[in-house]
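Quick notes on the structure that follows.
Fair warning: this is a prediction, and the values are worked out from it, not measured in the lab.
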Amino acid sequence: MSTCEEVSYETLSVERRTDRVVVTLRRPAARNAVNGRMVAELHRVCEELERAPKLLLLTGHGGVFAGGADIGELRRRGRDEALEGINSRLFERVRRLPLPTVAAVPGWALGGGAELAYACDLRIAGPDAVFGNPEPGLGILAAAGACWRLRELVGESVAKQVLLAGRTLDAGAALACGLVMDVVPTDRLASEAHA
């Protein structure tokens, strides 16, 4: 088996620093949508961080955190695959990492992308950040963590507005309800997240 340093990633950029690992979601043609390959690659990063704990900083490429789950892939999943909790197992693993995790959200964090951000210990947003769970419009539930985690983060009323009514939270609303710790200019998002 190869070491983590030898692993190449198709959907992520992974930068290892002395005290942290910086992961950039990188599927630009799909607005960094979370697909099966990305889930598998993020599991590999989690495995590395469980063996040799470091801080984790997650962000997205191209001004987008993650535009949701890969809808085409979701449609191909059957009932049994849906019940396996493919995404929810990953997001719970991120939540349980031994050292703090930070999501630096430059733009859209929707659906599975929002749930990945919700799983992090801290979130910092750029001025164009938008959080939301559009699953109700697809006739499905946000069942990979948002249904239970968002209530803990923002309270029951706001969580219901997002999860049942499809409300999105722009950067200002996310800050006002405590979902993010700060909103900073785009050119300072990475440095503030590292700080």
Any [X] side-chain heavy atom under 4.5 Å of [Y] side chain:
X: Phe65; Y: Asn32; result: no
X: Thr186; Y: Pro127; result: yes
X: Leu56; Y: Val23; result: yes
X: Thr59; Y: Pro106; result: yes
X: Leu42; Y: Leu116; result: yes
X: Leu164; Y: Pro136; result: no

Between atom [atom1] of [X] and atom [atom2] of [Y], what is the distance when rounded to the nearest 0.5 Å?
X: Asp187; Y: Glu192; atom1: CG; atom2: CD; value: 10.0 Å
X: Asp121; Y: Leu97; atom1: CG; atom2: CG; value: 8.5 Å
X: Glu115; Y: Arg149; atom1: CD; atom2: CZ; value: 8.5 Å
X: Lys160; Y: Arg151; atom1: NZ; atom2: CZ; value: 7.5 Å
X: Leu163; Y: Cys147; atom1: CG; atom2: SG; value: 5.5 Å

Are [Y] and [X] connected into the same hydrophobic cluster when the rule is that any two of I, L, V, M, F, W, Y join if their side-chain heavy atoms are below 4.5 Å apart?
X: Val22; Y: Leu25; answer: no
X: Leu57; Y: Val183; answer: no
X: Val94; Y: Met38; answer: yes
X: Leu58; Y: Leu179; answer: yes
X: Leu189; Y: Phe131; answer: no

What are the two closest heavy atoms between [X] and [Y], and how far apart are they?
X: Asn133; Y: Tyr118; answer: OD1-OH, 2.8 Å
X: Ala193; Y: Ile124; answer: CB-CG2, 3.8 Å
X: Val180; Y: Ala125; answer: CG1-CB, 4.0 Å
X: Thr101; Y: Cys120; answer: OG1-CA, 3.2 Å
X: Ala114; Y: Gly132; answer: CB-O, 3.5 Å
X: Ser88; Y: Trp148; answer: CB-CH2, 4.5 Å

Next item on the list: Please determine if Glu92 and Arg89 form a salt bridge, counting it only when a charged side-chain N lies under 4.0 Å from a carboxylate O.
Entry: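 Not counted as a salt bridge, because no side-chain N and carboxylate O are separated by less than 4.0 Å.
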Item checked: Pairing of Arg44 and Glu48 as salt bridge, 4.0 angstrom limit ->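 Between Glu48 and Arg44 there is no salt bridge, as every charged N stays at least 4.0 Å from the carboxylate O atoms.
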Has the side chain of [X] got a donor or acceptor atom that lies under 3.5 Å from a matching backbone atom of [Y]?
X: Lys54; Y: Arg16; result: no
X: Arg27; Y: Thr11; result: no
X: Asp170; Y: Val130; result: no
X: Arg123; Y: Ala117; result: yes
X: Asp19; Y: Leu55; result: no
X: Ser13; Y: Thr24; result: no
X: Arg20; Y: His194; result: yes

Margin query: Check this for me: Arg95, atom CZ, are more than 12 non-hydrogen atoms of other residues, nucleotides or ligands nearer than 6.0 Å?
Written below: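 Counting neighbours around CZ of Arg95, more than 12 heavy atoms of other residues, nucleotides or ligands fall under 6.0 Å, so yes.
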